[in-house]
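All remarks here apply to the structure that follows.
Counting starts at 1 for both ligands and their atoms, in listed order. Computed over heavy atoms, backbone and side chain alike; hydrogens, waters and symmetry mates excluded. Note that the numbering runs from 1 along the sequence shown for the chain.
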Amino acid sequence: MTPSAGPLEFQRVVVIGAGTMGHGIAQVAAVAGSDVALHDVTDAAIQRGLDAVVRNLQIGVDKGKLTSDARDAALARLRPASTLSSAVADADLVIEAVPELLDLKRQLLTQVVAAAGPDTVLASNTSSIPLRLLAESLPAAAQARLCGMHFFNPVHLQPLLEVVRADTTDDSVLDRVVAYARQLGKEPIVVRDVAGFASSRLGLALGLEAIRMLQEGVASAADIDRAMTLGYRHPMGPLALTDLVGLDVRLAIAETLAREIDPVRFAPPQLLRDLVAAGKLGKKTGEGFYAYPGAP
Ligand code: NAD
């Protein structure tokens, strides 16, 4: 991806949470030309995120998708931010990518609103939490500036960006976010504020059924995945995808959809709960439905 030609919708961007998603969001924003501050709870977590960006960009250079000049320019636009309040004080856009926990996201957004300017656009990368639940604890003026920017994993490779319009989102905010999505090289879809939006709801339905099938001994994990990759031409099977997303993340999404949409359809299977309780969260911990020797 090359930096966009025209002026960017958002020049100063803060990404909160430097994990699986946050570092990728910071990367695509910096490559597109934004000045990006990456924040997390510890400096070590921020550094892990920055290191991941350096690795990803180097792979891009090695594959000929990015020039070394573009890599260097993107890295020069990316900085660590240890203190949240100073980072967001002059931000044009703040994107939160902290874990999928309602109270955590609410607390964080309250902190951001207190420290940010009156025009700062606020976006959540939540996979499933209705924006109205995040917005309701904020002042009305801030509610109008909040929308969903749901990126996909790995962020620098996935073309889709699901933009979620809450009932309170201002039209002009939505338009700017959709325009910025294109400047990031993403293809935006605009979705109404319903738990799980479009993508997580469909993806989770398949993932949960695959886990239930594994639990019932229908087939091995590899064969269940092959049913979808070979039979339906999915690029990745639902269990391998769950390992990539993170079993904890998928469990949290299932709990939200069970609460918000249907407690039976979206009930988390016991096997998912057991693996999460055992710390087997997928690729990021080295084991989920598959083992990943040498990862993370
Ligand atoms: P993750 O666990 O990999 O990263 C979350 C990061 O947030 C961690 O580094 C953690 O230290 C940090 N964090 C926690 N509390 C914080 C705080 N108070 N302030 C600053 N940082 C804090 O999680 P993830 O997979 O990147 O998911 C983040 C969000 O993105 C979730 O809402 C998730 O549902 C969503 N999402 C995930 C995926 C996926 O494939 N993993 C895809 C789309 C959306």
Side-chain angles (χ1 to χ4, degrees), residues 14-28 37-53 56 80-88 94-112 114-115 122-131 133-134 146 148-164 186 189 191 195-204 207 236 238-257 260 276 279 281-286 288 295-296:
V14 177
V15 179
I16 306 174
T20 309
M21 299 305 290
H23 82 263
I25 297 168
Q27 175 180 331
V28 297
L38 183 60
H39 173 74
D40 203 301
V41 277
T42 63
D43 288 343
I46 300 172
Q47 195 53 51
R48 272 195 300 279
L50 294 174
D51 291 345
V53 174
N56 286 344
S82 305
T83 316
L84 179 68
S85 51
S86 56
V88 302
V94 176
I95 306 173
E96 73 77 17
V98 302
E100 189 77 346
L101 300 168
L102 176 60
D103 288 345
L104 174 66
K105 287 186 188 286
R106 273 187 174 165
Q107 276 167 22
L108 189 80
L109 285 169
T110 303
Q111 261 178 284
V112 170
L122 312 164
S124 171
N125 185 49
T126 176
S127 316
S128 65
I129 301 173
L131 270 288
L133 297 180
L134 299 178
L146 176 70
M149 283 180 84
H150 182 204
F151 290 85
F152 291 79
N153 180 13
V155 177
H156 63 295
L157 299 178
Q158 295 281 18
L160 181 63
L161 204 159
E162 191 170 39
V163 178
V164 184
K186 303 298 177 197
I189 59 170
V191 180
F197 318 122
S199 58
S200 297
R201 184 165 164 180
L202 282 173
L204 188 80
M236 189 180 259
L239 297 169
L241 181 60
T242 301
D243 274 357
L244 183 68
V245 169
L247 274 65
D248 53 335
V249 175
R250 282 229 143 153
L251 175 59
I253 298 171
E255 284 170 338
T256 301
L257 269 61
E260 294 283 329
V276 170
L281 307 183
K283 205 168 177 186
K284 63 185 169 187
T285 58

If only side-chain N and O atoms count, and only distance matters, is there a donor-acceptor pair under 3.5 Å linking Asp103 with Gln107? no

Under a 4.0 angstrom heavy-atom cut-off, which atoms of ligand 1 come close to [X]?
{"X": "Leu104", "answer": "15 (N), 18 (N)"}
{"X": "His150", "answer": "43 (C), 44 (C)"}
{"X": "Gly19", "answer": "3 (O), 4 (O), 6 (C), 9 (O), 26 (O)"}

Nitrogen or oxygen of [X] less than 3.5 angstrom from that of ligand 1:
{"X": "Asn125", "result": "yes"}
{"X": "Val249", "result": "no"}
{"X": "His39", "result": "no"}
{"X": "Met21", "result": "yes"}
{"X": "Thr126", "result": "no"}

May I ask you to identify, for [X], whether its side chain, its backbone, both or neither come under 4.0 Å of ligand 1 on a heavy-atom basis?
{"X": "Asp248", "answer": "neither"}
{"X": "Thr20", "answer": "both"}
{"X": "Gln107", "answer": "neither"}
{"X": "Asp40", "answer": "both"}

Of the listed options (Ala45, Ser127, Gly17), which comes nearest to atom 36 (N) of ligand 1 when hydrogens are ignored and any heavy atom counts? Ser127

Using non-hydrogen atoms of the residue, decide whether [X] is closer than 4.0 angstrom to ligand 1.
{"X": "Phe152", "answer": "no"}
{"X": "Arg48", "answer": "no"}
{"X": "Pro99", "answer": "yes"}

Which heavy atom of [X] sits nearest to which heavy atom of [Y], and what is that distance?
{"X": "Arg106", "Y": "Leu133", "value": "NE-O, 2.8 Å"}
{"X": "His150", "Y": "Ser200", "value": "CE1-OG, 3.2 Å"}
{"X": "Ile46", "Y": "Ala18", "value": "CA-CB, 4.1 Å"}

Please assess Asp43 against Gln47 for the test side chain to side chain donor-acceptor pair (under 3.5 Å), listing each intermediate value before the final yes or no. CA-CA 6 Å; Asp43 288 343; Gln47 195 53 51; over 6 Å; no

Is there a donor-acceptor pair under 3.5 Å between the side chain of Glu100 and the backbone N or O of Ser128? yes

How far is atom 29 (C) of ligand 1 from its nearest protein heavy atom, and which residue and atom is that?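 For atom 29 (C) of ligand 1, the nearest protein heavy atom is Val98 O, 3.3 Å.
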
Do any non-hydrogen protein atoms sit less than 4.0 Å from atom 23 (O) of ligand 1? no

